[in-house]
Amino acid sequence: NITVNLIQNKTNLGYPKANNQALKIAKGKYVLFLNSDTIIEALNFNTILKYFENNPEVGVLTVKVLLENGSIDPASHRGFPTIWRSFCYFAGLEELFKHVPFFKKVFGGYHLVSLDKDKIHEIDSPAGAFYLTKRSILNKMNGFDESFFMYGEDLDLSFRIKKLGYKIIYYPKFEVIHLKHASGLDTSDVITRKKAKYHFFEAMKIFYRKHHEKNHFFLVNNFIYILIDILRKIYE
């Protein structure tokens, strides 16, 4: 039997706060964060959980997350956004060299394009569309960082989990479909899309400030924040 608990908020609290609400009442050993626009057709949780049990160093697992057109959702297979990786992505170098041996590893770190998507391997972070982890780990992390509203909170959680020494695994033996273009950055609603873009680029600032700012000179940090604002204007 499956029990469903519905939490109905009067306002949009954002992805981290809403999921943290659910986390507080979740009772299982494992917790799956699953986007509402994700379709599961054939997935054996017994097999997946057995993989967890046999590999205690694994802290997070995601499956192959496909878009409606059959391609892999890039956000589900990411490297942590360093200055170099982000530059290569936004400058188009990742896209340009993603099929070129050696160069795809040099320029394609943002989405780890050099790794074989048909084999099990370690990644930096999946997307929140399908994010399976252990409740004991989430308790240590206090769930998602609620400084984020949407975007970036999954990367941040993965970053903190990996700092504890856990591995994050891409497990392509099972697939789910992510109807990604129904909301957020890709929605046809102009107001919603503008708000989503604001939160997308704001998440970049929060992540950089939290995890990278201390490693760079203040002039570099100021340049990064200015560049993020310029990118937001370009994509508006």
Side-chain angles (χ1 to χ4, degrees), residues 4-25 31-41 62-81 85-87 89-92 94-95 110-111 124-132 143-159 175-211 224-236:
V4 177
N5 294 318
L6 174 64
I7 301 173
Q8 190 169 1
N9 294 309
K10 294 182 180 180
T11 59
N12 186 355
L13 301 179
Y15 187 94
K17 286 185 178 180
N19 277 287
N20 283 347
Q21 281 183 310
L23 180 60
K24 289 178 181 178
I25 63 174
V31 175
L32 173 64
F33 297 106
L34 184 71
N35 275 17
S36 58
D37 57 354
T38 303
I39 299 174
I40 297 178
E41 295 182 338
T62 192
V63 296
K64 182 182 286 188
V65 180
L66 300 176
L67 301 175
E68 283 186 281
N69 62 9
S71 65
I72 292 179
D73 181 356
S76 69
H77 188 272
R78 284 176 291 178
F80 291 129
R85 286 173 169 177
S86 300
F87 168 75
Y89 171 65
F90 285 103
E94 179 179 281
E95 179 66 23
Y110 196 89
H111 290 114
D124 283 344
S125 181
F130 190 103
Y131 196 111
L132 181 63
F144 289 106
D145 182 347
E146 296 181 5
S147 299
F148 298 88
F149 183 81
M150 61 185 297
Y151 305 114
E153 69 288 312
D154 43 13
L155 280 170
D156 170 74
L157 182 60
S158 295
F159 193 93
E175 302 174 353
V176 298
I177 298 173
H178 187 198
L179 306 178
K180 191 171 183 176
H181 301 289
S183 61
L185 294 172
D186 301 299
T187 182
S188 59
D189 182 81
V190 176
I191 295 176
T192 300
R193 187 168 66 247
K194 188 172 183 178
K195 288 181 178 178
K197 286 181 179 179
Y198 169 81
H199 290 299
F200 178 79
F201 288 103
E202 194 63 23
M204 290 185 186
K205 287 185 178 181
I206 297 172
F207 187 90
Y208 182 87
R209 187 179 298 117
K210 186 174 180 180
H211 300 297
I224 294 298
Y225 295 133
I226 291 171
L227 188 59
I228 291 173
D229 286 335
I230 291 173
L231 285 171
R232 180 162 58 198
K233 292 293 183 181
I234 292 174
Y235 282 88
E236 280 184 352

Response to the item:
For Asn9, the side chain to side chain donor-acceptor pair (under 3.5 Å) test, sequence neighbours excluded, returns Gln21
Fill in: For Ser125 against Asp154, the heavy-atom pair lying closest together
OG-O, 3.5 Å
Response to the item:
Glu202 meets the salt bridge (Lys or Arg N to Asp or Glu O under 4.0 Å) criterion, sequence neighbours left out, with Arg232
Worksheet item: Do Glu175 and Val63 have side-chain heavy atoms sitting under 4.5 Å apart?
Response: no
Worksheet, complete the sentence: Residues passing the side-chain contact (heavy atoms from CB on, under 4.5 Å) test with Leu34, sequence neighbours excluded, are Leu32, Thr38, Ile40, Phe130
Fill in: Main-chain N/O of Phe148 paired with Tyr15 side-chain donor or acceptor, under 3.5 Å
no
Practice prompt. Under the side-chain contact (heavy atoms from CB on, under 4.5 Å) rule, collect the residues that match up with Asn20, sequence neighbours excluded.
Written response: Leu23, Phe144, Glu146
Worksheet entry | Sequence-distant partners of Ile191, side-chain contact (heavy atoms from CB on, under 4.5 Å), two or more places apart | Asp189, Lys195
Discussion item. What verdict does the side-chain contact (heavy atoms from CB on, under 4.5 Å) test give for Leu132 and Val31, after you've listed the backbone C-alpha separation in whole Å, the side-chain angles of each residue and the deciding distance to 0.1 Å?
Written reply: CA-CA 6 Å; Leu132 181 63; Val31 175; over 6 Å; no
Discussion item. Checking Glu153 now: which residues fulfil side chain to side chain donor-acceptor pair (under 3.5 Å) with it, not counting sequence neighbours?
Written reply: none
Worksheet, complete the sentence: Lys210 meets the salt bridge (Lys or Arg N to Asp or Glu O under 4.0 Å) criterion, sequence neighbours left out, with Asp145, Asp156
Discussion item. One pair to check against side-chain contact (heavy atoms from CB on, under 4.5 Å): Tyr89 and Arg85. What are the steps and the verdict?
Written reply: CA-CA 6 Å; Tyr89 171 65; Arg85 286 173 169 177; over 6 Å; no
Discussion item. Determine whether Tyr151 and His199 satisfy the following criterion, ring pair (Phe, Tyr, Trp, His ring centres under 6.0 Å), listing intermediate values before the conclusion.
Written reply: CA-CA 7 Å; Tyr151 305 114; His199 290 299; 8.0 Å; no
Discussion item. Using the ring pair (Phe, Tyr, Trp, His ring centres under 6.0 Å) criterion, which residues pair with Phe201? Sequence neighbours excluded.
Written reply: Tyr235
Fill in: Non-hydrogen atoms of Asn35 and His178 that approach each other most closely
ND2-NE2, 3.5 Å
Discussion item. For Tyr110, give me all partners under side chain to side chain donor-acceptor pair (under 3.5 Å), at least two apart in sequence or on another chain.
Written reply: none
Worksheet item: Closest approach of Met150 and Ala203, non-hydrogen atoms and distance?
Response: O-CB, 4.1 Å
Discussion item. Quick one, Leu155 with Asp124, criterion side-chain contact (heavy atoms from CB on, under 4.5 Å). Give me CA distance, side-chain angles, the key distance, then yes/no.
Written reply: CA-CA 8 Å; Leu155 280 170; Asp124 283 344; over 6 Å; no
Discussion item. Run Ser158 and Phe80 through side-chain contact (heavy atoms from CB on, under 4.5 Å) and show every step you take.
Written reply: CA-CA 9 Å; Ser158 295; Phe80 291 129; 4.0 Å; yes
Practice prompt. Please list, chain by chain and in numerical order, all residues satisfying salt bridge (Lys or Arg N to Asp or Glu O under 4.0 Å) with Asp73, sequence neighbours excluded.
Written response: Lys180
Worksheet item: Would you find more than 12 non-hydrogen atoms of other residues, nucleotides or ligands less than 6.0 Å from Phe90 atom CZ?
Response: yes
Practice prompt. Say whether, by atom type as modelled, one donor and one acceptor occur between the side chain of Arg78 and the main chain of Pro126 under 3.5 angstrom.
Written response: yes
Fill in: Arg209 side, atom CZ; Ile224 side, atom CD1 - distance, nearest 0.5 Å
12.5 Å
Item to complete: Check side-chain contact (heavy atoms from CB on, under 4.5 Å) between Ser71 and all other residues, then give those that pass, not counting sequence neighbours.
Response: Leu67, Asn69
Worksheet item: Ignoring hydrogens and geometry, is there a side-chain-to-backbone donor-acceptor pair from His77 to His111 under 3.5 Å?
Response: yes
Fill in: Value rounded to 0.5 Å, distance of CZ in Phe207 from OG in Ser147
13.0 Å
Discussion item. Do Val176 and Ile39 have side chains that approach each other closer than 4.5 Å (heavy atoms only, starting at C-beta)?
Written reply: no
Item to complete: Using the test side chain to side chain donor-acceptor pair (under 3.5 Å), find all partners of Tyr225 that sit at least two apart in sequence or belong to another chain.
Response: Glu213
Discussion item. I need the Lys197 NZ to Ile234 CD1 distance, nearest 0.5 Å.
Written reply: 11.5 Å
